[in-house]
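Since this is a predicted model, take the numbers as computed values, not measurements.
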Amino acid sequence: MVSRSQAAIPVVAVVGRPNVGKSTLFNRLIGRRQAIVEDRARTTRDRMYGESEWNGRRFTLVDTGGLEVDTDDPIELKVQEQARLAIREADVIVFLGDAITGLTPADLEAAELLRTAKAPVIVAVNKVDNTQREADAAEFWSMGWEETYSISASHGRGTGDLLDAIVWALPPETEGELARKAREKEADEWAKDVASGRLEPYVVGADGNAVDPDEDDEDGLDRFEGGGGAAVEAKWDAAIEAESDDAPAAIAFVGRPNVGKSSLLNALLGTDRAIVSEVPGTTRDAIDTTLEWGRSEITLIDTAGIRRRGKVASGPAAEKYSTLRALKAIGRADVAVLVIDAVEGLTAQDAHVAGYVVEEGKGLVIAVNKWDLVEEKTGKTFDQYVEWIQTEVPFLDFAPIVAISAKTGQRVGKVLELAIDIWGERRKRVSTGELNRILRAAAERQAPPVVKGRRPKLFYGTQAAVAPPTFVFFANDAALIHFSYRRYLENRLREVLSFHGTPIRLIFRDRESVKLPRKRSPRSAGKSTVSKAPAARRPASGGLPPKR
């Protein structure tokens, strides 16, 4: 279901019988390959949402499964429920047909269903790739709707005329739409002013004052303890501010097939947003849903189960695309909720999926689902479970673990609470002074070990980025910092600063590699450069250079 915050944006549903090209048209109109497309019927199951804009009007596009009146397949029955929900919430309906197969009894049955819809219906006949097929598409006029458009979703033929018709049929712009347009116009004008040089971007330094990122102070690289420079810190600050956007938190539910990801999503939303079945591989697309959370919003992403690489390679094409969509969902999420089966326990594939999350630098919550099926539980069962997981996969010791039951709703709200807390931890900013105090205390407690007869020395550190928190430490020889000491510093940072549930990245650099070219300060601008010249090149007393 569409969030009420998106109520200002009208909804356009693409419907039709199976295998007429609804997902291809959906991808064409939103401008990217979001829905899985395969030359096989019933590939799409859940509703897929995306945004499109045409002639200044923005609308939410909904891709649906194929409409069928009579089906005995339990999964297909749920697909039909999803399609009918999309029809009920739509402001405009695009009824898609196929020019190659022509008008079929299934089209006529779907048409009878759409005649009861309150929204206007626009008929589009797909796969009209040439003028010869336009004559084949003419029979769809017999269904009685006033507007029928011949298009080719794969080639884009006729889609402009279809978009014109969609925009014309949309309801009048609401106050929310007009307000959004005004805000976007103001932001565009400000950006143009900055780009043209009429406005200067404002960067705040460590002392709270405006800093010119291109100017170093008089003390140059010696301002920080051990070196650094105001310009260096200002550049780090600017990079961090650029990543600290106002986008809603994105939380992806990931894991093996049939562990309860879709059930968890439905339990959190209180509605059947995703199709749930005991058959593994029911979910195929990555499904985004917006949920109001306090005064803001969060985006929940349900993903397909990630199978072992060998099974994906030998499986059907739709399964390969499903896995790719799931991995991409991890990449665009802020926090991943790894759902595992409490009865089966943590498997090697669960650890592989968790590895993807850590490699992407995303926050992580481990949700042990189906806890209601665990037999003979005691007060120590969960603690033993946590200890076992952390022993099996020690690289996940930073991630919180919660036992839930998506079926009964037990502690499902705790999953979101943890994910939002981790979202904030990923954006935590540590001042350079505080970081170096922690570094100094850690070095006094345990100095870096001797490597190849030399003991490395750490000079200072600074935070380079957020989401995930990234720290750069400068040393006399970064290659000598042993892995064990890097792990020690990470543990010390977590002890003091927490960073609960998020990976942190430590980067070690040689101090010489970050020196910036010194610029003449305003104080020295008026001084003679002769006094700073090397003695061998200094002019003679007569003011002329010595003869060579």
Side-chain angles (χ1 to χ4, degrees), residues 203 205-207 211-243 358-359 361 394-395 397-398 428-499 502-521 524 532 534-535:
V203 179
D207 55 0
V211 175
D212 182 358
D214 295 326
E215 284 292 335
D216 202 2
D217 60 352
E218 184 180 11
D219 296 331
L221 295 173
D222 299 325
R223 178 174 176 181
F224 294 151
E225 295 178 311
V232 176
E233 185 175 19
K235 290 180 186 296
W236 291 129
D237 290 345
I240 291 175
E241 290 298 328
E243 295 186 31
V358 175
E359 287 176 7
F395 69 94
D397 58 358
F398 65 88
K428 183 184 292 184
R429 174 75 197 279
V430 183
S431 68
T432 302
E434 181 180 6
L435 179 63
N436 282 284
R437 283 192 292 272
I438 298 172
L439 176 62
R440 184 165 51 248
E444 290 175 354
R445 179 177 174 181
Q446 180 176 329
V450 176
V451 178
K452 297 181 180 179
R454 295 182 58 193
R455 186 183 300 278
K457 180 180 180 182
L458 290 170
F459 294 111
Y460 68 97
T462 187
Q463 185 171 4
V466 296
T470 303
F471 301 93
V472 180
F473 295 99
F474 300 101
N476 60 343
D477 192 342
L480 296 180
I481 305 296
H482 194 266
F483 168 78
S484 61
Y485 199 75
R486 297 171 187 238
R487 181 68 173 174
Y488 164 72
L489 288 179
E490 178 180 342
N491 291 336
R492 290 297 298 156
L493 288 173
R494 291 191 183 278
E495 286 179 17
V496 179
L497 303 171
S498 179
F499 292 115
T502 179
I504 60 177
R505 291 175 174 170
L506 306 185
I507 301 172
F508 293 84
R509 294 282 185 266
D510 294 335
R511 185 170 61 173
E512 292 76 12
S513 65
V514 296
K515 286 187 176 181
L516 300 177
R518 288 181 176 270
K519 295 185 178 181
R520 292 165 53 197
S521 64
S524 60
K532 292 188 177 181

Task: Interatomic spacing from CZ in Phe471 to CZ in Phe499 - rounded to 0.5 Å - done: 3.5 Å
Open item on the list: Any non-hydrogen side-chain atom of Leu493 less than 4.5 Å from a side-chain atom of Leu435?
Closed with: yes
- [ ] Heavy atoms only: give me the nearest Asp510-Ala478 pair and the separation to one decimal.
- [x] OD1-N, 2.7 Å
Task: Qualifying residues under ring-ring contact (aromatic ring centres under 6.0 Å, His included), relative to Phe398, sequence neighbours excluded - done: none
Task: Neighbour count above 12 (heavy atom, 6.0 Å) for Arg454 CZ - done: no
Task: Over all atoms of both residues, closest heavy-atom pair of Ala475 and Leu458 - done: CB-CD2, 3.7 Å
- [ ] Answer yes or no: is there a side-chain heavy-atom contact under 4.5 Å between His482 and Pro448?
- [x] no
Task: Test log, rule side-chain contact (heavy atoms from CB on, under 4.5 Å), inputs Arg445 and Tyr488 - done: CA-CA 11 Å; Arg445 179 177 174 181; Tyr488 164 72; 3.6 Å; yes
Open item on the list: A side-chain contact here means heavy atoms from C-beta on lying under 4.5 Å apart; do Val451 and Asp477 qualify?
Closed with: no
Task: Tyr460 side-chain N/O to Thr432 backbone N/O, donor-acceptor pair under 3.5 Å - done: no
Open item on the list: Could you tell me if the side chain of Ile504 sits less than 4.5 Å from the side chain of Pro468, heavy atoms only?
Closed with: no
Task: Pair listing, side-chain hydrogen bond (donor to acceptor under 3.5 Å, both in side chains) test, anchored in residues 489-498, at least two apart - done: Glu490-Arg494, Arg492-Glu495
TODO: Verify, without hydrogens or angle tests, whether Asn476 (side chain) and Arg511 (backbone) share a donor-acceptor contact under 3.5 angstrom.
DONE: no
Open item on the list: Show the nearest heavy-atom pair for residues Ala464 and Val472, with the distance to one decimal.
Closed with: CB-CG2, 3.6 Å
Task: Leu489 side chain reached by Ile481 side chain, heavy atoms, under 4.5 Å - done: no
- [ ] With rounding to the nearest 0.5 Å, note down the distance linking CG in Asn436 to CZ in Phe473.
- [x] 8.0 Å
Task: Close side-chain approach of Leu480 and Phe508, heavy atoms under 4.5 Å - done: no
Open item on the list: Does any part of the side chain of Lys428, heavy atoms only, come nearer than 4.5 Å to the side chain of Thr502, both counted from C-beta?
Closed with: no
